[in-house]
Amino acid sequence: MNRFFICCLFFISLNIDAKTQYTILIKNVTIVDVEHSTLLKNQFVLIKDSIIIDISTRINKINGQADTTVDATGKYLIPGLWDMHTHIWNDETTFPLLLANGITGVRGMFDVMSNVNQWREKIQAGKINGPLFFAAGPIVDGPKPIWPGSVAVSTEAGARKAVDSLKNILKVDFIKVYSLLSRNSFMAIADESRKQHIPFAGHVPNEVSILEAAEAGQKSMEHLYGFIESASDSADYWFKYQRGEIKDSNFSIRANRKEFLFRTYNENKLKTILTQVKKTGAWVCPTLTVNHGIAYINDTTLLNDPRMVYMGTFMRNFWDYRKDFRFKSWTEKDFVQSKQEFELKLKITKLIHEAGIPLIAGTDFPNPHCYIGFGLHEELEWLVKAGLSNGEALKTATINPAIYFNVLNKQGTVRVNKIADLVLLTKNPLEDIRNTKSIDRVFSKGKMFSSEQLQLLLDTIKKAVALNKPLISTVGFDVE
């Protein structure tokens, strides 16, 4: 990437809010109460440094205390948004795209912890503007991991050592489990995580059912992996095959495996399982955005999306299934089945929600057609299409992540004494979830960014990307 634009980008990131004020008053605003999906009209919100210090309907109570006053008449204030399934490989292009889309919190699902720690230090010191960041570090996979940089585990002892090292040496926030772990290794990870008092989340491994994973303590399950398999009337046969206890030459062809699962899928069985999963306290991150991107990856017209200007040539090539090792050998039947699977996952998302299992919104960027920042708004739209109300979808990216990470005392709602991570919208998101994109201003730890300043960030990213590829690694993208 051209160094001039890199420098410009950092300059804007550092100084875009050169007029940051000691106190900011947002007056006449409608607060969206995400907990109850209601509106609180004609509110006056006073921010001091990075904290909301007062909310009142009486202007005389707090008027005159602010250095800057924002007239938000006819506008809507929501908590900062979260993307709960991300892969961030640089701050220079990613953080501005997140900020411009109102995303103030992320859960990193495969990260280089030395990078994460540096970013946290810079954010804390006010040197860069970035999100609240919870990180898994490297993923833990089977003896032949799918991705370079993973922790390879082949024994129960190795599984326990991996948990100990990740927690006590790399200081990760949680353990990320992956698809190729054996059932025994997975259970060892679950047991050791419990002993070490650290959560684990991620893929439900191929050899494990969703109920087994939930009962073992897996905090969240990603991508809806394992749900169709567990709902099969022949689930016992399927998992015996996965564990290598039986052979089935018919399953050597991917399309035949999918056909088997579709044919034996039992919705009533899944409902019963979900009732049991609910009792465990497990969460689900459906990542419908990436599921849709994979389902339609052979539609090359999607590469003409105008948001590609923020991704660049590198990502255009990576998102071309003909150049992707995961999909380039797929047959036409595989692509048809991938679309069928996506439609089924939409229905499953509704069943999960109806069962009372809490959902969190995540995109899995930068996998195919997951646009950094922009994709979170797509995820909310997909959740509504799956059957959630606008308010229920909004919860998955605001209050639910705060509950998930046990930071509701500081994040997740617009309340006094909480951190001023906020988004001011021109339209009501409870009326139409697409209105989360009508961003007028973003407040990140009390710093205020106008729509003009946010657009300047986007324009600078676009210019930098046009000169060369964005600094995003090809290692660690998280999908089968």
Using the rule given for salt bridge (charged side-chain N to carboxylate O under 4.0 Å, His left out), can you reason through E222 versus K176, listing the C-alpha separation, both sets of side-chain angles and the distance that settles it, and then say yes or no?
CA-CA 10 Å; E222 313 298 307; K176 165 74 179 289; over 6 Å; no
Run L81 and T104 through side-chain contact (heavy atoms from CB on, under 4.5 Å) and show every step you take.
CA-CA 6 Å; L81 299 169; T104 59; 6.0 Å; no
Considering all heavy atoms, the nearest A393-L383 contact:
CB-CB, 4.2 Å
For a side-chain hydrogen bond (donor to acceptor under 3.5 Å, both in side chains) check, start with the C-alpha distance between Q196 and D164, then their side-chain angles and the critical distance, and finish with the verdict.
CA-CA 7 Å; Q196 297 257 7; D164 183 69; 2.9 Å; yes
Closest heavy-atom contact between E92 and I461?
O-CD1, 3.8 Å
T413 versus K418, side-chain donor and acceptor atoms under 3.5 Å:
yes
Using the benzene-type ring in the case of Trp, are the ring centres of W89 and F365 under 6.0 Å apart?
no
Looking only at atom types and distance, does a side-chain atom of E392 sit under 3.5 Å from a main-chain N or O of S389, one as donor and one as acceptor?
yes
Restricting to non-hydrogen atoms, name the atom on V277 and the atom on I357 that form the minimum distance, rounded to 0.1 Å.
CG1-CD1, 3.7 Å
Short side-chain to backbone donor-acceptor contact, T436 and I433, under 3.5 Å:
yes
Do V32 and V414 have side chains that approach each other closer than 4.5 Å (heavy atoms only, starting at C-beta)?
no
Residue of the set I273, L351, I348 for which side chain to side chain contact (heavy atoms under 4.5 Å, CB included) holds with F227:
I348
Check L380 against A361 and note the closest heavy-atom contact, atom names and distance.
CD2-CB, 4.1 Å
Which value, rounded to the nearest 0.5 Å, describes the distance between N101 atom CG and L457 atom CG?
11.0 Å
Using a 3.5 Å distance criterion without hydrogens, assess whether the side chain of K395 forms a donor-acceptor pair with backbone atoms of E35.
yes
If you take the centroid of each ring, where Trp contributes its six-membered ring, are Y404 and W283 closer together than 6.0 Å?
yes
Please check if any side-chain donor atom of S56 sits under 3.5 Å from a side-chain acceptor atom of D54, or the reverse.
no
For W119, does the six-membered ring have the charged nitrogen or CZ of K122 within the cation-pi criterion, i.e. under 6.0 angstrom from the centroid and within 45° of the normal?
no
Using a 3.5 Å distance criterion without hydrogens, assess whether the side chain of W319 forms a donor-acceptor pair with backbone atoms of P366.
yes
Distance only, no hydrogens: is a donor on one side chain within 3.5 Å (strictly under) of an acceptor on the other, for T363 and D83?
yes
Surrounding CD of E354 (heavy atoms of other residues, nucleotides or ligands, distance under 6.0 Å), is the total greater than 12?
yes
Any side-chain heavy atom of P286 sitting closer than 4.5 Å to one from N291?
no
Give the ring-plane orientation class for H292 versus F342, where under 30° counts as parallel, over 60° as perpendicular and anything between as tilted.
perpendicular
Side chain of D71, backbone of T73: donor and acceptor closer than 3.5 Å?
yes
Residue pair I189 / L181, side-chain heavy-atom distance below 4.5 Å
yes
Could you tell me whether R307 sits above the aromatic face of Y371, with NZ or CZ closer than 6.0 angstrom to the six-membered ring centre and within 45 degrees of the axis?
yes
Could you check, using the six-membered ring where one of them is a Trp, whether F186 and F200 have ring centers closer than 6.0 angstrom?
yes
Inter-residue atom distance I55.CD1 - T57.OG1, 0.5 Å rounding
11.0 Å
Counting only N and O atoms by type, is there a donor-acceptor contact under 3.5 Å from the side chain of T86 to the main-chain atoms of V106?
no
Quick one: CG on L274 to NZ on K278, what's the gap to the nearest 0.5 Å?
11.5 Å
Full working for side-chain hydrogen bond (donor to acceptor under 3.5 Å, both in side chains) between T23 and D67:
CA-CA 5 Å; T23 55; D67 298 303; 3.2 Å; yes
With side-chain hydrogen bond (donor to acceptor under 3.5 Å, both in side chains) as the test, would you mind laying out the steps for D91 and Q118 before giving the verdict?
CA-CA 10 Å; D91 58 331; Q118 289 178 15; over 6 Å; no
Could you tell me whether the side chains of D459 and Q455 share a donor-acceptor contact shorter than 3.5 Å?
yes
In terms of relative ring orientation, are Y178 and H203 parallel, tilted or perpendicular, with 30° and 60° separating the classes?
parallel
From R120, K167, K219, residue fulfilling salt bridge (charged side-chain N to carboxylate O under 4.0 Å, His left out) relative to D173
R120
S438 side chain to K427 backbone, donor-acceptor under 3.5 Å
yes
Within a reach of under 6.0 Å around CZ of R415, are more than 12 heavy atoms found that belong to other residues, nucleotides or ligands?
yes
Would you give the length of the straight line joining atom CD of Q43 to atom CG of N28, rounded to the nearest 0.5 angstrom?
10.0 Å
Aromatic contact between Y310 and F374, with the criterion being ring centroids under 6.0 Å apart: yes or no?
yes
Give a yes-or-no answer on whether the side chains of T289 and E378 include a donor-acceptor pair shorter than 3.5 Å.
no
If you define the side chain from C-beta out and look only at heavy atoms, does anything of I26 sit under 4.5 Å from F44?
no
Is the closest side-chain heavy-atom distance between L98 and I88 below 4.5 Å?
yes
I'd like to check N129 versus K447 (side-chain heavy atoms, cut-off strictly below 4.5 Å). Are they in contact?
yes
With a 4.5 Å heavy-atom cut-off, do L422 and M448 have their side chains touching?
no
Is the backbone of N428 close enough, under 3.5 Å, to the side chain of N435 for a donor and an acceptor to pair up by distance?
yes
Determine whether a donor-acceptor pair (N or O, by modelled atom type, separation under 3.5 Å) exists between the side chain of D324 and the backbone of D320.
no
Kindly give the heavy-atom pair with the smallest separation between S179 and D141, and that separation in Å.
N-OD1, 3.8 Å
Minimal heavy-atom distance between V45 and L77, with the atoms involved, is CG2-CD2, 4.0 Å
Hey, could you give me the OG1/CG distance between T460 and L456, rounded to the nearest 0.5 Å?
4.5 Å
Considering only heavy atoms from C-beta outward, does the side chain of M84 approach that of N400 to under 4.5 Å?
no
Do the side-chain N and O atoms of D364 and N367 include a donor-acceptor pair separated by under 3.5 angstrom?
yes
Does T287 use its side chain to pair, donor to acceptor, with the backbone of V290 at less than 3.5 Å?
no
Once you measure the plane-to-plane angle for F318 and F314, does it fall in the parallel (<30°), tilted (30-60°) or perpendicular (>60°) bin?
parallel
With rounding to the nearest 0.5 Å, note down the distance linking CD in E381 to CG in D432.
8.0 Å
For N90 and T93: C-alpha separation, side-chain torsions, deciding distance, then whether side-chain hydrogen bond (donor to acceptor under 3.5 Å, both in side chains) applies.
CA-CA 7 Å; N90 76 92; T93 55; 2.9 Å; yes
Between K410 and D421 (salt bridge meaning N to carboxylate O under 4.0 Å), is one present in this structure?
no
Kindly check if the number of other-residue, nucleotide or ligand heavy atoms within 6.0 Å of CG (N406) is above 12?
no
Would you say S220 and Q218 are linked by a side-chain donor-acceptor pair, where the criterion is simply a distance under 3.5 Å?
no
